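A short write-up of the structure that comes next.
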Amino acid sequence: AKNSGRHTVCFFDPAMQAALLAHVRLEADLHLALANQQWQLYYQPQVNHHGTITGVEVLLRWQHPERGLVSPGEFIPLLESTGLINDVGEWVLEDACKQLVRWSEHPRLCELTISVNISPLQFRDDHFLRRVNDVFERTRAPLHRLKLEVTESLFLEARDDARDKMLALKAQGVRFSLDDFGTGYSSLAYLAQLPLDQLKIDQSFVQQVLESEANAAIVESTIVLAESLSLEVIAEGVETEAQQSWLLDHDCQAYQGYLFGRPVEAKAFEAMMLA
Ligand code: C2E
Ligand code: CA
Ligand code: CA
Ligand code: CA
């Protein structure tokens, strides 16, 4: 039959029905998770070219009562499609800001920056600025140590609105990093239009830097591009020393990846910093 290609969706397929049910179930669980605070932040170190830890990226984890730790790849899309991302995203930001305040009193931790992922849906929401400013007022966090990670999809629509919001936050000291750089829709012209501070080279390029000449060329030109636009550059997903030394040879400034540390709970991160 004409419609038997692999993209065909059959609604009466029992496997599909089971998947749908699981999906509905997960969504109901997400509402409970919000009410019962089943969220937790993990912290992954970011290092400079000396290997010194200068900051962390916070990564959201869902401690599901039966399923254990659920990874964000599974639930972020659901949070986005249900609009719950606005509430969860606010919680993440507030918790990260409280951590900045706590660390600001500690001699070994007071200079760390914290990077927080912002979903494009959350960023585009009409109440985004108000919610963020409320968090800033409640926590009194040192905003010059906060970075927001946004993605290239912000370039797609309402670019002026995105720029205005970024400028309003930058005026308070907040910095912006462009996450997953190279996988989306950016053009050089867009890059100059948004007030960014950092480019984050996507891990898919970083992990193939020694195997693929094309990926090496992408990483190398991203580093040069960042330099010429006076942006910081950080490579994510660095797993091996060979990758690190290739990046060092090509003047990459900052690094993040399992080689330097996996995402861990605050306590474990602090213990590592103070060891
Ligand atoms: P991302 O922002 O690109 O985060 C990097 C992901 O790569 C994280 O996965 C991290 O654990 C993983 N990673 C870090 N170093 C390495 C490495 O060396 N090798 C490999 N293979 N992976 C590495 P995670 O924590 O599962 O998060 C997945 C995605 O979920 C994130 O991708 C981000 O897009 C989203 N996410 C996580 N937390 C939040 C959040 O609080 N808010 C929003 N909106 N999205 C979030
Ligand atoms: Ca990120
Ligand atoms: Ca990323
Ligand atoms: Ca990614």
Side-chain angles (χ1 to χ4, degrees), residues 30 33-34 37-47 53 55-63 68-99 113-125 128 131-132 135 146-154 175-184 186 196-210 219 222 232-244 247 252 254-266 268-269:
L30 276 175
L34 206 66
Q37 314 220 338
Q38 293 165 3
W39 309 112
Q40 208 178 351
L41 293 187
Y42 272 46
Y43 297 81
Q44 186 179 30
Q46 299 179 331
V47 306
I53 297 176
V56 292
E57 178 179 7
V58 298
L59 294 156
L60 183 59
R61 297 290 179 263
W62 177 14
Q63 191 65 56
L69 220 51
V70 185
S71 87
E74 247 187 284
F75 63 82
I76 297 278
L78 255 173
L79 289 176
E80 291 180 331
S81 63
T82 54
L84 287 169
I85 191 70
N86 292 310
D87 290 336
V88 177
E90 181 178 332
W91 179 86
V92 170
L93 183 66
E94 183 146 357
D95 219 50
C97 283
K98 288 178 182 164
Q99 193 64 265
T113 60
I114 292 191
S115 294
V116 176
N117 290 289
I118 303 290
S119 152
L121 274 101
Q122 186 189 353
F123 193 89
R124 287 207 196 92
D125 188 79
F128 177 70
R131 296 180 86 139
V132 167
V135 169
L146 179 66
K147 271 188 204 154
L148 301 184
E149 295 197 359
V150 296
T151 59
E152 291 165 295
S153 61
L154 286 190
R175 278 172 286 171
F176 284 90
S177 180
L178 187 58
D179 205 356
D180 303 339
F181 183 74
T183 61
S186 46
L196 294 162
D197 300 282
Q198 184 183 62
L199 296 184
K200 197 163 191 183
I201 308 172
D202 190 68
Q203 52 182 285
S204 59
F205 304 119
V206 173
Q207 283 162 9
Q208 294 296 314
V209 86
L210 295 162
V219 173
T222 303
E232 291 168 33
V233 64
I234 181 167
E236 74 173 3
V238 182
E239 294 184 349
T240 67
E241 274 166 24
Q243 290 163 357
Q244 181 195 17
L247 289 161
C252 188
Y255 309 80
Q256 182 182 342
Y258 294 166
L259 181 64
F260 310 99
R262 291 183 178 253
V264 290
E265 290 174 64
F269 175 75

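None of these values were measured; they are calculated from a predicted model. Ligands are counted one by one from 1 in listed order, and the atoms in each one are counted from 1 as well.
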| Got a sec: is Glu149 within less than 3.0 Å of the Ca ion (ligand 3) via an N/O/S atom? |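 No, outside the cut-off.
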| Near the Ca ion (ligand 3), is there an N/O/S atom from Asp202 that is less than 3.0 Å away? |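 Checking Asp202: none of its N, O or S atoms is under 3.0 Å.
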| Can you tell me if Gln40 and Asp95 form a side-chain donor-acceptor pair at under 3.5 Å? |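 Judged by distance alone, the side chains do not pair up.
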Evaluate [X] for polar contact with ligand 1, using N/O atom pairs at a separation under 3.5 Å.
{"X": "Gln256", "result": "no"}
{"X": "Glu149", "result": "no"}
{"X": "Leu60", "result": "yes"}
{"X": "Gln203", "result": "yes"}
{"X": "Ser71", "result": "no"}

| query | Between Asn117 and ligand 1, which residue portion shows a heavy-atom distance shorter than 4.0 Å: side chain, backbone, both, or neither? | reply |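 The answer is both, backbone and side chain.
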| remark: Note: Asp180, heavy atoms under 4.0 Å from ligand 1, region reported as side chain
Taking the non-hydrogen atoms of [X], is any one of them nearer than 4.0 angstrom to ligand 1?
{"X": "Pro263", "value": "yes"}
{"X": "Arg262", "value": "no"}
{"X": "Gln207", "value": "yes"}

Metal check, the Ca ion (ligand 2) vs [X] N/O/S, cut-off below 3.0 Å:
{"X": "Asp179", "result": "yes"}
{"X": "Asn117", "result": "yes"}
{"X": "Glu57", "result": "yes"}

| task | Please identify which atoms of ligand 1 are closer than 4.0 Å to at least one heavy atom of Gly257. | result | 15 (N), 18 (O)
| request: Report the angle formed at the Ca ion (ligand 3) by atom OE1 of Glu236 and atom OD1 of Asp180, rounding to the nearest 10°. | output: 140°
